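Worksheet for the structure shown next.
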Amino acid sequence: MSSERILEVRGLCKTFGGVQAVSNVDIDLACGELLALIGPNGAGKSTCFNMVGGQLRPDRGTIRIADVDVTGWPPRRIWRLGVGRTFQITATLASMTVIENVQMALLSHQGRTDSLIGRAGNMLVKEARALLDEVGMSGQADRACGVLAYGDVKRVELAVALANAPRLLLMDEPTAGMAPRERLELMAMTAELCRERRIGVLFTEHDMDVVFNHADRIMVLARGELIAEGAPETVRADRRVQEIYLGSESG
Ligand code: ADP
Ligand code: MG
């Protein structure tokens, strides 16, 4: 089991001024597993993501990815280790076409962007098309990303993330701003693609239907602390979790 583990976080802590944003959090994630990190607004979810992705340095604790201690590493170095990220805010380039975005991501993964000056030309077209096929976007390959429907941009983002051949995928509210049905579809697709590639996925999500339908395991944060963890049915039955989600619906 331990060789199957892609992410191991121990005793993670972060304070901002007087606020304990993340307090003593442990996370274990296996290859091919979908782990949801949920909790009300301000619970510390994004802060956890930003520490694992290298955007924020932890005050205390360790982060191991694929058995490498990456605590305090910059984002670029963590990315090179095989960590993909999708963001709450769209990260594709609007002026480039769908396929160019994926080509650039593939080229970047191969370390070939320095010679490029922002043009992918006809490089890795076949590989890019194959990825677009998998996310259901090959029919729109030559459209500019800027004119796509929002849900389609999210599919392109997933293809861009997969182009880095990640072993760990970090998704902070990947379905924010999407309609309920689109959310379920995007997560179903993410789950299928990541399970077959054995990618470990850590994601946050406000939509509880998405979480309980697609997560293998759920961790619940409240005020920076983990208050529950387990299979969806265990977490759903947890009294403290019910209090949080019945007491105040998080937006
Ligand atoms: P979530 O993603 O669960 O909504 P966050 O991790 O964004 O929560 O925030 C956790 C807490 O840390 C909140 O109280 C928030 O106001 C605070 N916080 C987050 N980022 C910063 C920052 N860069 N500077 C100051 N306080 C922050
Ligand atoms: Mg957040």
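Numbering of ligands and ligand atoms starts at 1, following listing order. Every value quoted in this text rests on a predicted model; they were computed, and no experiment measured them. Values reported hereafter were calculated over all heavy atoms of this structure, with side chains retained and with hydrogens, waters and symmetry mates removed.
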Query raised in the report: With a 4.0 Å cut-off, strictly under, does atom 15 (C) of ligand 1 pick up any protein heavy atom?
Result: no

**Report entry** For Lys45, atoms of ligand 1 separated by under 4.0 Å from a heavy atom
**Finding:** 1 (P), 2 (O), 3 (O), 4 (O), 6 (O), 8 (O)

Query raised in the report: Can an N, O or S atom be found in Ser46 less than 2.8 Å away from the Mg ion (ligand 2)?
Result: yes

Query - Residues Arg10 and Asp28 bridged, charged N to O under 4.0 Å - result: yes

Query - Heavy-atom side-chain contact between Leu186 and Thr190 under 4.5 Å - result: yes

Query raised in the report: Do NZ/NE/NH1/NH2 and the carboxylate oxygens of Glu8 and Arg5 come within less than 4.0 Å?
Result: yes

**Report entry** Residue part near ligand 1, for Val19, under 4.0 Å between non-hydrogen atoms
**Finding:** side chain

Query raised in the report: Are Asp216 and Arg195 close enough for a salt bridge, meaning some N to O gap below 4.0 Å?
Result: yes

Requested in this report: Would you mind checking which non-hydrogen protein atom is closest to atom 20 (N) of ligand 1, with the distance to 0.1 Å?
Outcome: Phe16 CE1, 3.4 Å

Requested in this report: Start with the C-alpha distance between Gln103 and Arg129, add both sets of side-chain angles, then the distance that settles side-chain hydrogen bond (donor to acceptor under 3.5 Å, both in side chains), and finish with yes or no.
Outcome: CA-CA 9 Å; Gln103 283 173 272; Arg129 261 190 204 283; over 6 Å; no

Query raised in the report: Among Gly224, Gly44, Ala21, Gly17, whose heavy atom sits nearest atom 8 (O) of ligand 1?
Result: Gly44

Query raised in the report: Looking only at protein heavy atoms, which one is nearest to atom 9 (O) of ligand 1, and how far off is it?
Result: Thr47 OG1, 3.9 Å

Query raised in the report: What atoms of ligand 1 come closer than 4.0 angstrom to any heavy atom of Ala43?
Result: 1 (P), 3 (O), 8 (O)

Report summary line: ligand 1 atoms nearer than 4.0 angstrom to some heavy atom of Ser46 are 1 (P), 2 (O), 6 (O), 7 (O)

Report task. Measure from the side-chain N and O atoms of Lys45 to the backbone N and O of Leu221, and report whether any donor-acceptor pair falls under 3.5 Å. Result -> no

**Report entry** Carboxylate-amine/guanidinium proximity below 4.0 Å for Arg197 and Glu134
**Finding:** yes

Query raised in the report: How close does the nearest protein non-hydrogen atom get to atom 13 (C) of ligand 1, and which residue and atom is it?
Result: Gly42 O, 3.8 Å

Query raised in the report: Any ion pair linking Arg198 and Glu4 (charged N to carboxylate O, less than 4.0 Å)?
Result: yes

Query - Protein non-hydrogen atom below 4.0 angstrom of atom 5 (P) of ligand 1 present - result: yes

